[in-house]
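See structure below.
First the proteins, then the strands, lettered A, B, ... as listed; each starts at 1. Note that the coordinates shown come from a computational prediction; the quantities given were computed from them, not determined experimentally.
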Protein chains: 4
Amino acid sequence: MQVAFLGLGTMGAPMAANLAKAGVALRVWNRSEGPAARLAEVGAEPAASPAEAAHGADVLIAMLADDAATKAVLLDGGALEALAPGALLVNMATVAVAFGASLADQAERCGVAYVAAPVLGRVNVAEAGELNILAGGRADAIDRAQPLFDVMGRKTWRFGERPEQANAVKLAVNFMLASAIETMGEAASLAEGHGVSGADFLAMATSTVFAAPAYQGYGAAIASGTFEPAGFKLSLGLKDVRLALEAAEAARTPMLFAAVLRDNLIDGVAHGEGDLDWAALAKVAARRAGRL
Amino acid sequence: MQVAFLGLGTMGAPMAANLAKAGVALRVWNRSEGPAARLAEVGAEPAASPAEAAHGADVLIAMLADDAATKAVLLDGGALEALAPGALLVNMATVAVAFGASLADQAERCGVAYVAAPVLGRVNVAEAGELNILAGGRADAIDRAQPLFDVMGRKTWRFGERPEQANAVKLAVNFMLASAIETMGEAASLAEGHGVSGADFLAMATSTVFAAPAYQGYGAAIASGTFEPAGFKLSLGLKDVRLALEAAEAARTPMLFAAVLRDNLIDGVAHGEGDLDWAALAKVAARRAGRL
Amino acid sequence: MQVAFLGLGTMGAPMAANLAKAGVALRVWNRSEGPAARLAEVGAEPAASPAEAAHGADVLIAMLADDAATKAVLLDGGALEALAPGALLVNMATVAVAFGASLADQAERCGVAYVAAPVLGRVNVAEAGELNILAGGRADAIDRAQPLFDVMGRKTWRFGERPEQANAVKLAVNFMLASAIETMGEAASLAEGHGVSGADFLAMATSTVFAAPAYQGYGAAIASGTFEPAGFKLSLGLKDVRLALEAAEAARTPMLFAAVLRDNLIDGVAHGEGDLDWAALAKVAARRAGRL
Amino acid sequence: MQVAFLGLGTMGAPMAANLAKAGVALRVWNRSEGPAARLAEVGAEPAASPAEAAHGADVLIAMLADDAATKAVLLDGGALEALAPGALLVNMATVAVAFGASLADQAERCGVAYVAAPVLGRVNVAEAGELNILAGGRADAIDRAQPLFDVMGRKTWRFGERPEQANAVKLAVNFMLASAIETMGEAASLAEGHGVSGADFLAMATSTVFAAPAYQGYGAAIASGTFEPAGFKLSLGLKDVRLALEAAEAARTPMLFAAVLRDNLIDGVAHGEGDLDWAALAKVAARRAGRL
């Protein structure tokens, strides 16, 4: 099975490396050249263009920055058309539900099977091949991708026959993360308003009823006020919450927490915090209370 | 050490039972008689009134339903005045910060030491003596209560010299719980809006990044639509969120998530859901999306 | 008809003066002495205490600062008890609905008829005797007060047999005013975000579809950034919005705009703007956009 | 001066008719044929296509349904390209700020002057030639359009040199209208929660401090529960609020009222109220209070 992998960024590079190390025949491409060269060291074959990478591939995996980059590379860049009919396209990036649906349409028009498979987990999880993979698409298509998913992730969760359903799930999870950050920011702000150390408060909450990875990681960042370097930029968080709201509107679903999050994330961007980690959402809460 | 325990409700009964079983000399009182009689079976001595229970006690523990009950029993009922100067009052109920502060004033006037010590954990945790105890008050006062806390809980967290600081912390935690419920409700509603099973979605989220007790318990209730019997009534959740908002206003702290929660909890009460478990907040999200 | 008037503040003084000038036999009292002395110049008789003013009066009008002052003067201060059975109490202050209801109970216990009659209009309107009077109470009781209302106001609106219904109406109007301010603040902030003068924008909006007194007055304040002296303090606005939310919760009515207003007013107070006119709510919008 | 007018819908038809009646040489086009035929009766010349209408025109006025229709007719349909360099394009529809900016770019590329001039006022106002016209663009370009604006409107307000600034202003006004509706809905709901007739309450509010056209019109609709036929559909209101939020995000401006409005409008659409007048936003408030 010949696999093409497009997009060797923070997440894509370790994911592709794990495939190469597992012996998968891999052609890779990235907008800038360095990452592809590094992948060559573990056995991948650099390609000069998306289309060249895709040509003759059985499976094309895309892990590009956002909707625009995905569109530019897969559609405008000719990668999708370079696939043979019957090939499989797997998009693992976090994209809009509407864009995911249009990608599904385009793939069908080209006779290409299509699976959306965004992932949960940060770089270290990707390196360890322990990602949670959120898959949407026809069962037979996901089955074809499963051996590759098993290399990159610890578990694949299947959410529906339409690929974009996985995009909705991923956006819902990212909304939940933003919501957890905001919740900790407000709660810590309340505690501090009464003279309690926010750090002490968060240490207690995240080691008892909120002893979950999401709360512990972001809780520690908030407690220590460490928002750089950004694991996930606040401006990207704003983008994902906006995509969640768009997906919600398309499904006629009110989501007031998401609406508040969008508003507070814009407050953060307006105060020059767009490049900080989105845990800095807690700064908005503190600022509004006059404590920054 | 003679200990009086007032309030043998769902939580108070197992907490007092653990003290009695540990050999603490215990006088107990409850508004209705049954619970005190049951406590007698494990060695506690029923008292005819709050004041009788308090008379001559070194430590008075109160675990009453709410601010009104606490005021009725401790202040109007004469329990506080029945304590000898130098005795210790420990209030373990969830009460308003402002009420907690006024209780501290009254205790000081009576020459009684005072500790606020609300708890985290439901009945089964109380039975196992594994509560997390959130303590506020002077260090020497908490030290005196510590042996009793060690019987009832697995860990005591100290948050400040003013007792009411512990009340603020407890309200902040309850806010976080409500927020987690709302977050799951909205996220599941988004997923269902795109044809994904909300139960499948929550199963994934609460076994990965949100693998915390709070998310798993409430997530399961939401996924299965099981809101009865109520572990914690939605109407009581509304009360606690209101108390959190009052505490926030006193500390000049905006808390928009809490404001939204209050609004949605009122929506629930308006639709006859006040006696359901507050996980039913997820029903409000579904109803607003026209899916109930 | 002998009338007692308690509370000669910014609003009470001109209202009482109009009654005195119209030939009403008037005994007046105020916490500080100056205002009563000035009323004497137009024919009113200063009283040494609330009870002295009330003694023998057919009608007692109260226009005190807030719930606490009203309680202190009417109940604790003995004014209500000093009224003869069959007398009429008219409370024209803006108070909580729950407090209004308890006042009605107390009046009934004393055999005193009771009308709640908060007013719309600022000082200049009060001086001109052009207030809008929002009346609640039994029709026969309001009928008795009507001649006095006709002196102080241009129109009396009747809203129900229970006096506190008028309190609910008054709080609903104040909520609408706060809402109009917030709306202009956000809209002007949007305009300015695109390089349009907020003042130009508000001048247009408030002379076309929003050509109402409320919009024009507050719009001009926002456009010119003039928030001092305060016509109505932001901290009092926060109090009234809180009372509206409490009244809403008692009636199981979600009010999300009110919840947002409360939050933003707290933001203002946290930034030291509590003594500014509540039009300064627009500053919160500008600050959140990073433009202050 | 030869004028082309594209889009003869509810608003466009009377606007074009006024121009024709004023003696302006007018070529008109509409997607369906009826309206153009009716315009011919007052002297306008029907054109077979947008491009034919535009060919040789000095001024092209577009009043199309939305962004998509405007793009389809002006850009894809060739109308813009059919204008001679130096001609003037006037877009009077309510469109997104970002789309307005891109239209400005396209016009510049074609050597065509461009003015955005959305309007305030409904059909009857358009018929009377009494619209308020919100103009953005270079002063000399607006000057060229001014004689036409004077026929269609009572006043032209100029907001900036960049045409899309007028689009931002129009969206800000529509946000204010939605906000007024929501405010009345919540206030009336509070009043009704206390047994006060919402209609009585709104009659009072909109004839006193809120005596503005916007409040009176929508207030009467809410009071009588008359949401059909729709003067402006709730689903279109949702679109405009969304466009306001997008414009706000582009300008890094938090707008929480707008966020709440979007959420409640989605609630309305989810309950099948998208085709009602957007005054039906008040139904959402009543429904949430359990009173529908």
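- Taking a 6.0 Å sphere around CD of E161(D), one finds it holds more than 12 heavy atoms contributed by other residues, nucleotides or ligands.
- Heavy-atom proximity under 4.5 angstrom to chain D picks out L238(A), R242(A) from residues 230-243 of chain A.
- Interface summary for chain A: among V260(D), T253(D), L245(D), the most heavy-atom pairs under 4.5 angstrom belong to L245(D).
- Remark: Y114(D) engages no residue in a ring-ring contact (aromatic ring centres under 6.0 Å, His included) (not counting sequence neighbours).
- Partners of F175(D) according to the ring-ring contact (aromatic ring centres under 6.0 Å, His included) rule, which considers only residues two or more places apart in sequence or in another chain, do not exist here.
- Of all residues spanning residues 264-292 of chain D, those with a heavy atom less than 4.5 Å away from chain A's heavy atoms are I266(D), D267(D), V269(D), A270(D), arranged by number.
- Within a 6.0 Å sphere centred on CZ of R122(A), other residues, nucleotides and ligands contribute more than 12 heavy atoms.
- Nearest heavy-atom pair across R262(A) and E246(D) is NH2-N, 4.2 Å.
- D263(D) approaches L256(A) most closely through the heavy-atom pair OD1-N, 3.4 Å.
- Shown here is Q216(D), whose CD atom has more than 12 heavy atoms of other residues, nucleotides or ligands within 6.0 Å.
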